[in-house]
Amino acid sequence: MEPTHARRTPFWLELTLAIVFGLFFAYDAWEAVGNLVGMAGVAAALGTMLSTTGWIVLIGAILLPVAIFAIAFLIGRRRGAVVQAALYLAGLAVSAALYLDILLMFGPGALLA
């Protein structure tokens, strides 16, 4: 009986998938940076500042997509291209769902001091 070797995804395809999906995750992180800057501007316009909870939530929203991308990348490293793409898509869905949950849980008013 011959040993079965799993077909490994070519490096160029792994790299392409990581770059393409990485851009989506980077957009999520950039959007969170925009929210941080925007909320700081709103707070300044209202004569107040961001609360400690606000800083934690807004900085966490920046780090969340980066962490989820890293996890999806590490889990999918030695898998096939379809599995890698599915992991990246699932990561994007988790990132979006968690971000919306954070926004609904705290709301803009809870982020201000």
Side-chain angles (χ1 to χ4, degrees):
M1 191 151 132
E2 286 185 32
T4 57
H5 296 282
R7 283 189 85 192
R8 183 145 192 247
T9 305
F11 176 74
W12 67 268
L13 185 54
E14 284 184 16
L15 185 63
T16 302
L17 285 171
I19 290 171
V20 168
F21 282 101
L23 290 172
F24 288 111
F25 283 99
Y27 178 79
D28 279 352
W30 184 251
E31 184 179 35
V33 169
N35 289 340
L36 174 64
V37 171
M39 284 301 293
V42 166
L46 294 173
T48 186
M49 54 192 235
L50 291 174
S51 65
T52 304
T53 303
W55 281 107
I56 292 170
V57 167
L58 292 169
I59 290 172
I62 294 169
L63 299 176
L64 181 71
V66 175
I68 291 175
F69 174 77
I71 291 168
F73 176 79
L74 290 173
I75 291 173
R77 259 189 332 193
R78 305 207 189 273
R79 312 243 192 247
V82 174
V83 174
Q84 286 178 358
L87 284 168
Y88 288 132
L89 283 172
L92 283 170
V94 167
S95 177
L98 288 176
Y99 186 68
L100 287 174
D101 284 347
I102 289 170
L103 286 180
L104 288 175
M105 187 180 345
F106 291 102
L111 303 180
L112 301 175

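Phe11 and Val82 are not part of a single hydrophobic cluster, where members link through side-chain heavy atoms under 4.5 Å apart. Val33 and Ile102 fall within a single hydrophobic cluster, where Ile, Leu, Val, Met, Phe, Trp and Tyr are joined by side-chain heavy atoms under 4.5 Å apart, directly or via other members. Hydrophobic clustering keeps Tyr27 apart from Ile71 (ILVMFWY residues linked when any side-chain heavy atoms are closer than 4.5 Å, directly or through intermediates). Hydrophobic cluster membership is shared by Phe25 and Leu89, with clusters built from Ile, Leu, Val, Met, Phe, Trp and Tyr side chains linked at under 4.5 angstrom. With hydrophobic clusters built from ILVMFWY side chains whose heavy atoms lie under 4.5 angstrom apart, Leu58 shares a cluster with Met105.
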Worked check of side chain to side chain contact (heavy atoms under 4.5 Å, CB included) between Asp28 and Leu92: CA-CA 9 Å; Asp28 279 352; Leu92 283 170; 3.9 Å; yes
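Once rounded to the nearest 0.5 Å, the distance linking CG of Leu63 with CD1 of Ile59 reads 7.5 Å. Atom CG in Leu98 sits 5.5 Å away from atom CG in Leu64 (nearest 0.5 Å). In this structure, CG on Leu17 lies 10.5 Å from CZ on Phe73, to the nearest 0.5 angstrom. Distance check, rounded to the nearest 0.5 Å: CD1 of Ile68 to OH of Tyr99 gives 13.0 Å. Note that CG of Leu87 and CG of Leu74 are 11.0 Å apart. Values are rounded to the nearest 0.5 Å.
For the pair Ala72 and Tyr88, the tightest heavy-atom approach, listed with the atom from each and the gap, is CB-CD2, 3.8 Å.
Ile75 pairs with exactly one of Arg79, Arg78, Arg77 by the side chain to side chain contact (heavy atoms under 4.5 Å, CB included) rule, that one being Arg79.
Although no hydrogens or angles enter the test, the distance criterion places a donor-acceptor pair under 3.5 Å between the side chain of Thr16 and the main chain of Trp12.
Using bins of under 30°, 30° to 60° and over 60° for the plane-to-plane angle, the ring pair Phe21/Phe24 lands in the tilted bin.
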